[in-house]
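Have a look at the structure below, then the notes.
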Number of protein chains: 2
Amino acid sequence: MAKKKPVEADVSTEEKIKEAARKVFTQKGFAATRTRDIAEEAGLNLALLNYYFRSKQALFDIVMMEKLQQLFGNLYPILDEEITTLERKVEMVVHAYIDMLSSNPDLPLFVLSEIRADPERFGQRIQAGKILRDSYFVKQLRERRPDMHPIQFVMSLMGMTLFPFIGRPVLQAIGSLSAKEYQALMEERRTLIPKWVGAILKVK
Amino acid sequence: MAKKKPVEADVSTEEKIKEAARKVFTQKGFAATRTRDIAEEAGLNLALLNYYFRSKQALFDIVMMEKLQQLFGNLYPILDEEITTLERKVEMVVHAYIDMLSSNPDLPLFVLSEIRADPERFGQRIQAGKILRDSYFVKQLRERRPDMHPIQFVMSLMGMTLFPFIGRPVLQAIGSLSAKEYQALMEERRTLIPKWVGAILKVK
DNA sequence: GTCTATAACCTGATAGAC
DNA sequence: GTCTATCAGGTTATAGAC
């Protein structure tokens, strides 16, 4: 009743463009994407991109901020829970990533590539400090393993979780795996990684 | 004595161009690189690129093949040694990668991005099958852990080793680390990863 | 708001002098 | 072999009709 237009089952033009931009930018990156590709993907005219968003760069920035949030935004809330154990946090992080990346396999390679292409624009955007300074996770980790730098642990956890998606073409070829088989291995990693990380926490 | 020119301490123009191309392509990727960038980096004129190499794409292909070899070429020889143990092979792989990536930190993100951008051109170029079908490494791994798919192990090993370089800007920010501190952590990983991988091999 | 047409600019590649 | 000058084509962005 409060809507501007009573019947509006279809998405707005603006949203169509954003959705097309998400797809094309994530797949090809900023430099290799032409605004024409996005317009075509959206089934719209090129001029509308500049009507709704001022420029290719402005549209990209919007998509990029979303993707940064998507890739890193869920991390802190999980890691700062006070009641969950370290092992449970690892389980939750791995689970959340494999869920999300199964529908967005290109996300990590896209985000990390674009951060490197323009570090000062996007690098700072991650409120990076707070994850390792303030979180309950780090407190627990320091308590359990005062001998190791927390980031060493984070590197390995993220590496084990994200790398299979970043290096998928190569890994899939190395293993002579079908898409279905690869997906099954990702499912298996939900339990495999927490188990392995548990072993890492105990060693020495 | 057999040289065409008696005095030639300086590098050839062709090699200057290739060296500049290595640097710029690896840093910015194919799409974001302009042939003018390469010419400028080489301290030469743009026309010379097309004189020595036919096109941007042809020059890129040469660099890309080199970089593929650099990233994956040393893997099989190490993994197919008959006399070394599984643990020793892991040590050697980790050591070789950390050595090489310390002077070429952009290499993995570059190669993996470009493979994704053009999978049919470069994907096949890695004689991928042989690493996991034929190598002595896989034989040892199957023997030790018949319950797990070898690729699961490879994913984790490569992830722990390569990801710190792929995600460096983010990880360095997360940890509030200087370049020097980051480098020290990479050195520490030479022994840390083999130790952790050893724990993974034993768990359950 | 949406389109077509076109401006303004950039990029890869080449022609031709030296 | 190396340079300057320039072409041809493509790309972002805008003007203006509807």
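Here is the naming used below: chain letters follow the sequence lines, and residue numbers restart at 1 for every chain.
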For [X] and [N], give me the distance from atom [atom1] to atom [atom2], rounded to whole Å.
{"X": "Phe60(A)", "N": "dT11(D)", "atom1": "CZ", "atom2": "C1'", "answer": "17 Å"}
{"X": "Glu40(B)", "N": "dC10(C)", "atom1": "CD", "atom2": "C1'", "answer": "15 Å"}
{"X": "Ile38(A)", "N": "dA13(D)", "atom1": "CD1", "atom2": "P", "answer": "10 Å"}
{"X": "Glu15(B)", "N": "dG1(D)", "atom1": "CD", "atom2": "P", "answer": "14 Å"}
{"X": "Glu14(B)", "N": "dT2(D)", "atom1": "CD", "atom2": "C1'", "answer": "15 Å"}
{"X": "Leu49(B)", "N": "dT11(C)", "atom1": "CG", "atom2": "P", "answer": "14 Å"}

Inset, instruction - Scan for ring pair (Phe, Tyr, Trp, His ring centres under 6.0 Å) pairs involving residues 24-45 of chain B, sequence neighbours excluded, and state none if there are none. - result: Phe25(B)-Phe60(B), Phe30(B)-Phe60(B)
Inset, instruction - Can you tell me which residue pairs pass the side-chain hydrogen bond (donor to acceptor under 3.5 Å, both in side chains) test with a partner in residues 51-60 of chain B, sequence neighbours excluded? - result: Gln57(B)-Asp61(B)
Legend entry - Qualifying side-chain hydrogen bond (donor to acceptor under 3.5 Å, both in side chains) pairs with a residue from residues 108-117 of chain A, counting only residues at least two apart or across chains: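 Qualifying pairs, neighbours excluded: Ser113(A)-Ser113(B).
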Inset, instruction - For Lys67(A), enumerate each residue passing the side chain to side chain donor-acceptor pair (under 3.5 Å) test, keeping only those at least two apart in sequence or located in another chain. - result: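 Residues passing side chain to side chain donor-acceptor pair (under 3.5 Å) with Lys67(A): Gln70(A).
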Inset, instruction - Would you confirm whether Arg189(B), through its side chain, and Met160(B), through its main-chain N or O, come within 3.5 Å as a donor-acceptor pair? - result: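 Yes, because the side chain of Arg189(B) sits within donor-acceptor range (under 3.5 Å) of the backbone of Met160(B).
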Legend entry - Five-pair end axes of the helix from dG1(C)-dC18(D) to dC18(C)-dG1(D) and the angle they enclose, rounded to 10°: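 The end-segment axes of the helix from dG1(C)-dC18(D) to dC18(C)-dG1(D) are tilted 10° relative to each other.
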Legend entry - Test salt bridge (charged side-chain N to carboxylate O under 4.0 Å, His left out) applied to Glu188(A) - qualifying residues, sequence neighbours left out: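 With sequence neighbours excluded, Glu188(A) shows a salt bridge (charged side-chain N to carboxylate O under 4.0 Å, His left out) to no residue whatsoever.
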Inset, instruction - Could you tell me which residues satisfy side-chain contact (heavy atoms from CB on, under 4.5 Å) with Pro150(A), sequence neighbours excluded, listed by chain and number? - result: Leu132(A), Val138(A), Leu141(A), Arg142(A)
Inset, instruction - List for me each residue that meets side-chain contact (heavy atoms from CB on, under 4.5 Å) alongside Lys139(A), sequence neighbours excluded, and say none if there are none. - result: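 For Lys139(A) the side-chain contact (heavy atoms from CB on, under 4.5 Å) partners, ignoring immediate neighbours, are Tyr136(A).
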Legend entry - Heavy-atom protein contacts under 4.0 Å, nucleotides 12-18 of chain C, coded B base, S sugar-phosphate only, - none: BBBB---
